[in-house]
Each structure stands twice: as C-alpha cells, then as structure tokens.
A.B. asks: 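I have a structure I would like to understand better, so I am pasting it below and will then ask my questions one at a time.
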Amino acid sequence: MVHEDEIVQIVQSIWMSILGLGIVADGTNSMQERLSGRRTLTACVHLTGAFEGATLVFCTARLARRMSSVMFETPPEALSVEDVQDALGELTNMIAGNVKPLLEGSSRLSLPSVVEGLDYRMIVPGSRVLSQVGFECEGEPLHVTIVQREAPPAPA
Amino acid sequence: MKVLVIDDSRAMRAILSKIMSELGFDVVTAADGREGLDRLGEDDGIGLVLVDWNLPGMNGYELVKAVRRDPAWDEVRLIMVTTETERENVSRAMDAGADEYVMKPFTKDVLLEKLVFLGLVKES
Ligand SMILES: [Mg+2]
C-alpha cells in the first residue's frame, strides 16, 4: 500500500524542484469526468520484480505542454508532440522512481511510454488500483495512479 | 571542462545541459549508454559524465563499469543522476566506480554541492 500523502509529497517535491510549479491534491477521484472531452496524455512506467504494477499519470494536453515548456525553456507552441510526451514521461519516471522504495522488496522500472488522445481508456490488464490521487496544477487536472498486478490464481 | 550528459529523456538533457553550461562547462549529450561510450571514445576533452541509470540498451550502471574498466578514463569523473533511489543500488553504483550520486528530482544546488565536493567547481 502506498499512502496518498506519500504520493502527494513526492509529486509536490518533483514539481517544485524540476518545474518550479505549485501542484495541490484537490481530493477528487472523478478522473474520467474531469478529463472527458479533453485532449489527454497518459504516461506509464511499469514496475517489475518484487512488486508488479505501474505508475500512471493522466493530464490534459494543455497542462503537459505547459510543463514541458518549463523543462525545455521553450514557448509551449514551439514544442513538438515528441517533446511534450518526453517531458511527461520523465516526470512519471521520477514519480515511479520515488514510489519504488515505498513498495516491498526490490523492483525495476521500465522506460516510460506515453499515449495521447481524446476519451480513451488506459488499462493495465490484470491489475487493480492501489492508490489514486487527483491534483490541480495551473488550473488543470492531473491524476496519479499506482496499479498492482493481481497475483495469478493458484494452481488447482 | 567538457561534460557529457547521458539521459534518454530530451527534457532532462535540456535541464542538465542548461545548468552545466551556466556553471561554465562545455556540454555534449547522448541518449543511451552505447552512444555515451562512443562519445567518450571520440572526444578526449570530456572530464565529467552525468549519467542516468535507466537507459535503453546499455544502462548507466553498465556504463560506469565499462568506463572504469578502461585505464584511459581513470581521470574521468562519473556522477549518476537518476530516479534509482534504492540504497542497495546506490552502493552498487559507487562500488562500481561512480564518484557521486544525485537522485531525481534534484535542484541545481544539490548538483552544485557535488561538483564542489569533487573539486570541479570552485565554491562561490
Ligand atoms: Mg531515464
């Protein structure tokens, strides 16, 4: 179990030191509702080893572009789609790396993968949500979800 | 001094490059361990390498071991800048020959502190 407070602390420290942006947990879990109808990015870093699961970050394309603009020190409109996806992938990598020591045993991180679109669902097959925190940054929604793969059924 | 920044994230390369050039370093970059080793082999002016752990192909830990196997690179300082925060892995990297270890997220001040400690930047 990863406590929500721990996720909030990790995310706030990354946003402060890397982006210099404030981000607050706003107590909402209605992610589908908040992101519905909006162009969205989802970044995923898998964990394998003692813990099997993933760290997922969902946010609006507008916020992703704003954050990568800070990282690249480039105006948002001048960034390529790849730049924006890369930046969100690296932020997710940092969250996953700092969540990892809170989990039992030793696990490895995958390289980040990022998808972008409108009204899609991102599913890590065979997993359940372990923790989920809704945030607001620059007036835009962002969600962090930790999922854990369900143990395979014991052989009969 | 010339610094080689190895990270698979372009955004992270941009951040580290900016900090290092502000500190007066000439910066070259690579996106993975293999490319990093090639850069190091091509350019004998590189005195410092900042390397991520989690990279496609050859990872940062393997790069540290490869650099330390070659006596030609004895003088090259190696700093790991990574999200790998498990204590056991930090010790593995230091045992393999990394000179310093910086955990992501980092601030410019934390990085500067390590550079001063290694004598690569004078305390201002
Ligand atoms: Mg990386």
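Naming: A, B, ... by sequence-line order, numbering from 1 per chain.
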A.B. asks: Evaluate whether atom CD of B:Glu22 has more than 12 neighbouring non-hydrogen atoms of other residues, nucleotides or ligands under 6.0 angstrom away.
C.D. replies: yes
A.B. asks: When heavy-atom pairs shorter than 4.5 Å are enumerated against chain A, which of B:Ile15, B:Thr82, B:Leu55 gives the highest number?
C.D. replies: B:Ile15
A.B. asks: When rounded to the nearest 0.5 angstrom, what is the spacing between CZ in A:Arg108 and CH2 in B:Trp53?
C.D. replies: 11.5 Å
A.B. asks: Hey, what do you get for CZ (B:Arg10) to CD (A:Gln85), rounding to the nearest 0.5 Å?
C.D. replies: 9.5 Å
A.B. asks: Pair A:Asn93, B:Met12 - check side chain to side chain contact (heavy atoms under 4.5 Å, CB included), show working.
C.D. replies: CA-CA 11 Å; A:Asn93 176 44; B:Met12 193 44 72; over 6 Å; no
A.B. asks: Quick check on B:Arg68: does its CZ atom have over 12 non-hydrogen neighbours (other residues, nucleotides or ligands) under 6.0 Å away?
C.D. replies: yes
A.B. asks: Are more than 12 heavy atoms from other residues, nucleotides or ligands located less than 6.0 Å from atom CD of A:Gln9?
C.D. replies: no
A.B. asks: Answer with side chain, backbone, both or neither: which region of A:Ser68 has an atom nearer than 4.5 Å to a non-hydrogen atom of chain B?
C.D. replies: neither
A.B. asks: Look up atom NZ in A:Lys100 and atom CG in B:Asn89, then write down how far apart they are to the nearest 0.5 Å.
C.D. replies: 5.5 Å
A.B. asks: Identify the heavy atoms of A:Phe72 and B:Ala14 that sit nearest to each other, and give their distance.
C.D. replies: CD2-CB, 4.0 Å
A.B. asks: Could you measure the distance from the CG atom of A:Asp86 to the CG atom of B:Asp7? Nearest 0.5 Å is fine.
C.D. replies: 8.5 Å
A.B. asks: Please flag which part of B:Lys18 lies under 4.5 Å from any non-hydrogen atom of chain A: side chain, backbone, both or neither.
C.D. replies: side chain
A.B. asks: Among A:Ile95, A:Leu111, A:Val70, A:Ile18, which residue has the highest count of heavy-atom pairs closer than 4.5 Å to chain B?
C.D. replies: A:Leu111
A.B. asks: Flag yes if B:Val76 and B:Met20 sit in one hydrophobic cluster, no otherwise; membership is Ile, Leu, Val, Met, Phe, Trp, Tyr, and two members link when side-chain heavy atoms are under 4.5 Å apart.
C.D. replies: no
A.B. asks: Is B:Tyr101 reachable from B:Val49 through a run of hydrophobic residues whose side-chain heavy atoms are each under 4.5 Å from the next?
C.D. replies: yes
A.B. asks: For A:Glu82, is it the side chain, the backbone, both, or neither that has a heavy atom closer than 4.5 Å to a heavy atom of chain B?
C.D. replies: both
A.B. asks: Looking at every non-hydrogen atom in both residues, tell me the closest pair between A:Ser17 and B:Pro105 and how far apart they are.
C.D. replies: OG-CB, 3.2 Å
A.B. asks: Report yes or no: do A:Ser106 and B:Glu86 form a side-chain donor-acceptor pair below 3.5 Å?
C.D. replies: yes
A.B. asks: Can you tell me how far apart CG (B:Asn54) and CD (A:Glu90) are? Round to the nearest 0.5 Å.
C.D. replies: 9.0 Å
A.B. asks: For atom CG of B:Asp44, decide whether the heavy atoms of other residues, nucleotides or ligands shown that lie under 6.0 angstrom number more than 12.
C.D. replies: no
A.B. asks: For residues B:Met94 and B:Leu111: do they belong to one hydrophobic cluster (side chain heavy atoms under 4.5 Å, members Ile, Leu, Val, Met, Phe, Trp, Tyr)?
C.D. replies: no
A.B. asks: Is there a donor-acceptor contact under 3.5 Å from the side chain of B:Thr85 to the main chain of A:Gly97?
C.D. replies: yes
A.B. asks: For B:Glu42, look at atom CD and say whether over 12 heavy atoms of other residues, nucleotides or ligands are found less than 6.0 Å away.
C.D. replies: yes
A.B. asks: What's the separation between atom CD in A:Glu73 and atom OG in B:Ser17, rounded to the nearest 0.5 Å?
C.D. replies: 11.0 Å
A.B. asks: Same hydrophobic cluster for A:Met16 and A:Ile23, using side-chain heavy-atom links shorter than 4.5 Å among ILVMFWY?
C.D. replies: no
A.B. asks: Does B:Glu88 CD have over 12 foreign heavy atoms under 6.0 Å away?
C.D. replies: no
